[in-house]
There are 2 protein chains.
Amino acid sequence: MAEAVKSSRVEAAYERLKDEIRTNRMPPGFQAPEPEIAIRLGMSRTPVREALIRLEAEGLVELIPRRGVRVLPIRAEDMREIYQILTSLEPDAAARYAETNPGEAELAPLEQATAEMEAALESEDLDTWAEADDRFHQILLDLQGNRRLKDFVRALYDQAHRARVVTMRMRGPPHRSTQEHREILNYLRAGDGDSVRRLFKQHRTRSAEELLAILEKYKLGQL
Amino acid sequence: MAEAVKSSRVEAAYERLKDEIRTNRMPPGFQAPEPEIAIRLGMSRTPVREALIRLEAEGLVELIPRRGVRVLPIRAEDMREIYQILTSLEPDAAARYAETNPGEAELAPLEQATAEMEAALESEDLDTWAEADDRFHQILLDLQGNRRLKDFVRALYDQAHRARVVTMRMRGPPHRSTQEHREILNYLRAGDGDSVRRLFKQHRTRSAEELLAILEKYKLGQL
DNA sequence: AAATAAATTAATGCATACATTGACGAATGC
DNA sequence: GCATTCGTCAATGTATGCATTAATTTATTT
């Protein structure tokens, strides 16, 4: 699952920075010059720079000419963009995959993730729930064969991650979402592409609406 | 239209290399070590390296550990991936745009591009036709407001470009395609999102099939 | 002659050096 | 006191240097 560890400093810098951004240790809006980051990571500017270029390409940071890196905040508008794309891509991808009539062995990890979501929902363990939810989508991305789609959608997940973490606790327990996962899985088993697409589309549309409503309601201009 | 000219060497290297790849002056499979590229572009390795990292992120080249850059060939499988994504994204994006009920002024460039396609088809000027076709899609991308979608789809266009150029002359005149553009434009005018989506989906599905059939027929394993 | 080992070459990954230039603050003028 | 100019400082963009190490060639052995 984990990418091959290419023990290079660029790789190390990339992973560490990405992690610090995801976990809000480098919060949105955070800004620092390259040399500072380099010192913090204990390496020279060169590998840091290359890592930053990659992170910029993935939409996590911005390199401002004289002010260094800035961790990009996520605004409601960004979430709208991201969810529009997910709503277009994921349902079709999942439908295509369904039509390959995947066997039970292949679907096992999805079943596992779904079961975990159900259990976590029961025990009101939101962190575990979110982790399993994320895993479900990641697994599906891996199963569906389109590499470009996978990489791009994954980058979008990464961008949206922080906002999801914040808003997760601002709404009721995700019964509906959990149930939708279960239904999607059932239709994947049945090889019913059209139903998978329809449900997945609904799943994404609904979560987008919920999320945007929360951002609106709590005036969370940017995260 | 043209990106702001950020007179930096990285930018220059990026643009030149991208252009050389698009125009097949650096053909698929072409391979060269960094220092060689640097010398050819008359600059040091550093900016070249940064440009290459960006090009790699966009899927145009691959950086192989001890052998330098390699211009990625496009295989049938790649075209399939690319068209799957386009078929999911563009129709929805166009439909959303249609539902904003765009005015005639906004649609003018699209009308222009469509008219040019029709004229070029008439005079059997394939190059002009292809240019107008590309322009139509680019304009629509710009009009539709999703920036992430725009950048990503544009990168896909770039990847597919070479294959499109090659296959274009291996088939009959693109009557159907031209007509579809006209119809899509009509429904954009009418603000009829559903029809735009349906037609656009058909448009992409059909061109994908045609293209893949040609690749198959002429055994064009990679371009 | 084939296989193995040693030596050479060269590319990368990273560190470092340096010129340029924007940002910021101090000093000056009004 | 406020605006303006100048000077300092520091960050970036780029070049260069260097150690490491894979690839390749040459030499050696059987």
Side-chain angles (χ1 to χ4, degrees), chain A residues 2-21 25-73 151, chain B residues 2-21 25-73 151:
Chain A
E3 317 290 314
V5 192
K6 279 231 230 68
S7 60
S8 82
R9 308 203 180 206
V10 199
E11 202 66 24
Y14 173 79
E15 295 296 348
R16 263 196 65 183
L17 290 174
K18 187 161 171 177
D19 188 59
E20 300 207 351
I21 293 170
R25 265 173 299 159
M26 283 172 71
F30 175 89
Q31 204 164 318
E34 282 176 21
E36 195 178 307
I37 311 259
I39 290 168
R40 193 145 59 80
L41 301 190
M43 59 182 76
S44 86
R45 276 177 53 216
T46 312
V48 170
R49 205 144 202 287
E50 298 188 4
L52 288 177
I53 292 174
R54 287 180 53 189
L55 289 170
E56 186 179 35
E58 286 175 39
L60 287 177
V61 306
E62 177 187 21
L63 274 94
I64 308 173
R66 296 265 146 197
R67 337 191 70 125
V69 225
R70 193 173 83 101
V71 177
L72 284 176
D151 291 345
Chain B
E3 316 291 316
V5 193
K6 279 231 232 64
S7 61
S8 82
R9 310 204 177 202
V10 199
E11 203 66 23
Y14 173 80
E15 294 296 347
R16 264 196 65 183
L17 289 173
K18 187 162 171 177
D19 188 60
E20 299 207 352
I21 293 170
R25 266 172 299 158
M26 282 172 70
F30 175 90
Q31 204 164 319
E34 280 176 23
E36 196 178 308
I37 311 258
I39 290 168
R40 193 145 60 81
L41 300 190
M43 58 182 76
S44 85
R45 278 176 51 217
T46 313
V48 170
R49 204 140 204 289
E50 298 188 2
L52 289 177
I53 292 173
R54 287 181 50 188
L55 289 170
E56 186 179 36
E58 285 176 39
L60 287 176
V61 307
E62 177 188 21
L63 274 93
I64 308 174
R66 296 264 146 199
R67 335 192 72 125
V69 225
R70 193 172 84 102
V71 177
L72 283 176
D151 291 344

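Note that this is a predicted model, so its numbers are computed, not measured. Proteins get letters first, then strands, A, B, ... in listed order; numbering begins at 1 in each.
In this structure, of D:dT14, C:dT12, D:dA11, it is D:dA11 that holds the atom nearest to the side chain of A:Pro35.
Here the shortest heavy-atom pairing between A:Ala32 and A:Ile37 reads CB-CD1, 4.1 Å.
Straight-line distance from the CD1 atom of A:Ile53 to the P atom of C:dC14: 13 Å, rounded to whole Å. At whole-Å resolution of the value, CD in A:Gln31 and P in D:dT12 are 10 Å apart. Following rounding to the nearest Å, B:Glu56 (CD) and C:dT12 (P) show an atom-to-atom distance of 12 Å. Following rounding to the nearest Å, A:Glu36 (CD) and D:dT12 (P) show an atom-to-atom distance of 10 Å. The interatomic distance linking B:Leu41 (CG) with D:dT14 (C1') rounds to 14 Å, in whole Å. Rounded to an integer number of Å, the gap from B:Ile64 CD1 to D:dA23 P is 11 Å. Here D:dT14 presents its C1' atom at 10 Å from CE of B:Met43, a figure rounded to the nearest Å. One can place CG of B:Leu63 at 13 Å from P of C:dC14, the figure rounded to the nearest angstrom.
Ion pairing of A:Glu62 with A:Arg67 is absent here, as no side-chain N (NZ or NE/NH1/NH2) approaches a carboxylate O to less than 4.0 Å. Taking a cutoff of 4.0 Å between a charged side-chain nitrogen and a carboxylate oxygen, B:Glu20 and B:Arg16 qualify as a salt bridge.
Listed pair A:Arg45 / C:dA17 fails the phosphate criterion, with no side-chain N or O lying under 4.0 Å from OP1 or OP2.
Position along DNA chain D of the nearest nucleotide to B:Pro47 versus A:Glu34 favours A:Glu34 as the more 5'-ward residue. Along DNA chain C, the nucleotide nearest to B:Val69 and the one nearest to A:Thr46 differ in position, and the one closer to the 5' end is contacted by B:Val69. Nearest-nucleotide positions on DNA chain C for A:Glu50 and A:Arg66 put A:Glu50 closer to the 5' end.
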Q | side-chain contact (heavy atoms from CB on, under 4.5 Å) evaluation trace for A:Glu50 with A:Arg54 | A | CA-CA 7 Å; A:Glu50 298 188 4; A:Arg54 287 180 53 189; over 6 Å; no

**Q.** Test log, rule side-chain contact (heavy atoms from CB on, under 4.5 Å), inputs B:Arg9 and B:Leu41
**A.** CA-CA 9 Å; B:Arg9 310 204 177 202; B:Leu41 300 190; over 6 Å; no

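Using a 4.0 Å heavy-atom criterion, one finds that A:Arg67 contacts the sugar-phosphate atoms exclusively.
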